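Below, chains carry the letters A, B, ... as their sequence lines are ordered, and counting in each starts from 1. Predicted model, so just to flag it, every value in this text is computed and none were measured.
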Amino acid sequence: MIDVLYFAWVRERIGLPREKVETGAATVADLIDELRGREDRYAAAFADISALRVALDQELSSFDAPLSGVREVAFFPPMTGG
Amino acid sequence: MIDVLYFAWVRERIGLPREKVETGAATVADLIDELRGREDRYAAAFADISALRVALDQELSSFDAPLSGVREVAFFPPMTGG
Amino acid sequence: MRVAVQPALFDPGAELTAFTAGVRGAGAVVSFTGLVRDEGGSLSGMEIEHYPGMTEKAIAGMVEEAVARWTLSDALVIHRYGPLKPGEAIMMVATAAPHRGDAFAAAEFLMDYLKSRAPFWKKETGAGGGAWVAAKDADEEALKRW
Amino acid sequence: MRVAVQPALFDPGAELTAFTAGVRGAGAVVSFTGLVRDEGGSLSGMEIEHYPGMTEKAIAGMVEEAVARWTLSDALVIHRYGPLKPGEAIMMVATAAPHRGDAFAAAEFLMDYLKSRAPFWKKETGAGGGAWVAAKDADEEALKRW
C-alpha cells in the first residue's frame with residue numbers, strides 16, 4: 001500500500017487529495033500506467049506527463065524512479081511559489 | 001574666483017573645508033600645480049593624484065578638464081558610501 | 001535561521017526590524033517581499049496550496065545550501081498559504097551577511113529556488129473564476145545560474 | 001521615488017512598511033540595509049562625511065538611471081551622515097517592481113553606484129583613533145557589470 005497524493009489541478013481533475021493505492025508497480029511510470037487505466041479522470045490528469053512533477057517520500061524525483069520502499073508518492077504540476 | 005572644496009582626508013591634510021581661490025589655471029591639473037606650490041600641506045594633500053577624485057560644479061570630472069566657467073571645484077578621495 | 005510556512009498575514013517591515021535586531025556583526029541585510037498583484041483590479045485574490053511536510057523540508061534544504069555557499073549571518077523565509085487578497089504579502093526572504101554581495105546572492109538564490117522547487121501552487125481567483133498560475137520557463141531557466 | 005540624506009537614525013523595517021504600502025501593482029519589493037559592523041567589538045563607531053548638494057544630485061541621477069533601465073513601480077534611498085554607532089543602519093535602498101528580476105537588479109545597481117559614486121566618506125572611530133575607510137577595488141570593479 002502506497003499513499004498517493006495529488007495537488008493543484010491534478011487534485012482537481014482526479015477529484016481527491018490523497019488515496020491509498022494497492023500496487024505492484026516497479027516504477028513511478030508503471031504506477032501512472034495503472035492509474036491511467038482506472039477511470040477517465042485519471043487518464044485526464046496523467047494525459048501529459050511533461051506537465052507533471054513527482055515527489056517520492058517528499059523528495060522531488062523522476063518518472064523512472066523505482067517505487068520499492070517508497071511510502072508516499074505525490075503528483076503535481078510545476079511549482080509556482082515565491 | 002573659484003570655490004575650492006576639500007573632503008575627508010584631503011580636508012584634514014589641508015586643514016580647511018573650503019576656500020576661495022584666485023586662479024588663471026586652464027585645467028584642474030593646472031590648478032593642482034598652483035595649489036601644490038603654495039605650502040607643504042597642499043603638496044602633501046596632492047602628492048598622489050591617483051588617490052584623488054575631482055568634481056566640477058558637483059559633477060565627477062577628470063584632471064584634464066578645463067576650468068572655464070566652473071564655479072566650484074571639489075577634491076576628495078574615492079568615495080565610500082553605501 | 002527561521003523558516004515559517006503559515007496561513008497568517010505578516011508585516012514584512014516588522015519582520016525586517018526583528019531580523020535586523022537579531023543579527024550580530026552583519027553589515028548587509030537584504031529582503032525580498034512578494035506581493036499579490038492586483039493586475040489592474042481584475043484579480044480578486046489568490047489561493048495558495050502547498051504540500052505540508054515537504055514544503056518545510058524543501059525550504060530548510062534551500063536555506064542549508066545557501067548557508068554552505070555564502071558567508072551568511074542569518075536567513076529568514078516566511079511563506080503563506082491559503083487565501084490571499086491583492087496587496088497582501090505572499091512571502092518574504094531576508095538574508096544577513098558581513099558583505100553585500102553574499103546577502104544579495106543568497107536572497108536571489110533562495111527566491112529562484114522557492115519559485116520552482118518549493119511545493120506551492122498559486123491559483124488566481126478573479127471575476128471569471130479561478131485559474132492555476134502556470135510555471136514560467138524563465139523561472140526554471142533562472143535556476144541554471146546557481 | 002524618495003531620496004533622503006539625513007543625520008537622523010531611521011528604522012529600516014518601518015521604512016519598508018511605508019514603502020510597501022505606497023506601491024501600486026508591484027509584485028516584488030527588494031530592500032537593502034547597510035549596518036555599522038562592530039568588527040568584533042573593536043569599533044566604537046563611524047563618522048560619515050558627505051558633500052551637501054552634490055550628494056542629493058548624484059543619488060537622484062542614479063535613481064533616474066535605474067528607472068530608465070528597469071521597470072520599477074517605486075524606489076527609495078535613505079543615506080545617513082554624521083556620527084553612527086555599531087549596529088545602527090547607515091543606509092537603505094528599496095525597489096518595487098512588477099517582477100523580481102527588475103527589483104533585484106535595480107537594488108544592486110543602486111548599491112554599487114552608492115558605494116563608489118555618491119560623495120560619502122566613512123571614517124571608523126575606534127580605541128586607536130580614527131581611520132578613513134579605503135575604497136575597495138572590488139567596489140569599483142562591481143560598476144563594470146552595469
(message) I'd like to know whether CD of B:E72 has more than 12 heavy-atom contacts from other residues, nucleotides or ligands below 6.0 angstrom.
(response) yes

(request) Can you measure from CD (B:Q58) to OH (D:Y51) and round to the nearest 0.5 angstrom? (result) 4.5 Å

(request) State whether the number of non-hydrogen atoms from other residues, nucleotides or ligands found under 6.0 Å of B:R38 atom CZ is greater than 12. (result) yes

(message) Quick check on D:M54 against chain B: is it the side chain, the backbone, both or neither that has a heavy atom closer than 4.5 Å?
(response) both

(message) Less than 4.5 Å apart, side chain to side chain, heavy atoms only: is that true for B:F7 and D:H50?
(response) no

(request) Can you tell which part of D:K57 gets under 4.5 Å to a heavy atom of chain B, answering side chain, backbone, both or neither? (result) side chain

(message) Heavy-atom cut-off 4.5 Å, strictly under: side chain, backbone, both or neither for B:A8 against chain D?
(response) both

(request) Under 4.5 Å heavy-atom distance to chain B, tell me which part of D:K123 shows up: side chain, backbone, both or neither. (result) side chain

(message) Atom CG of residue position B:D40 - does it have more than 12 heavy atoms of other residues, nucleotides or ligands inside 6.0 Å?
(response) no

(request) Quick one: list whatever passes side chain to side chain donor-acceptor pair (under 3.5 Å) with D:R37, sequence neighbours left out. (result) D:E39

(message) Would the distance check show the side chain of D:H79 and the main-chain N or O of B:G82 forming a donor-acceptor pair, the cut-off being under 3.5 Å?
(response) yes

(message) Please classify the contact of D:R117 with chain B as side chain, backbone, both or neither, using a heavy-atom distance under 4.5 Å.
(response) both

(request) Work out which heavy atom in B:T80 is nearest to a heavy atom in D:V133; give both atom names and the distance. (result) CG2-O, 3.4 Å

(message) Please identify, among D:S116, D:G61, D:A134, the residue contributing the most non-hydrogen atom pairs under 4.5 Å to chain B.
(response) D:S116

(request) Would you give the length of the straight line joining atom CE of B:M79 to atom OG1 of D:T55, rounded to the nearest 0.5 angstrom? (result) 9.5 Å

(request) With a 4.5 angstrom heavy-atom cut-off, could you sort out which part of D:A58 is near chain B: side chain, backbone, both or neither? (result) neither

(request) Decide, yes or no, whether a salt bridge links B:R11 with D:E49 under the criterion of side-chain N to carboxylate O below 4.0 Å. (result) yes

(request) Please check if the side chain of D:W121 supplies one atom and the backbone of B:P77 the other of a donor-acceptor pair under 3.5 Å. (result) yes

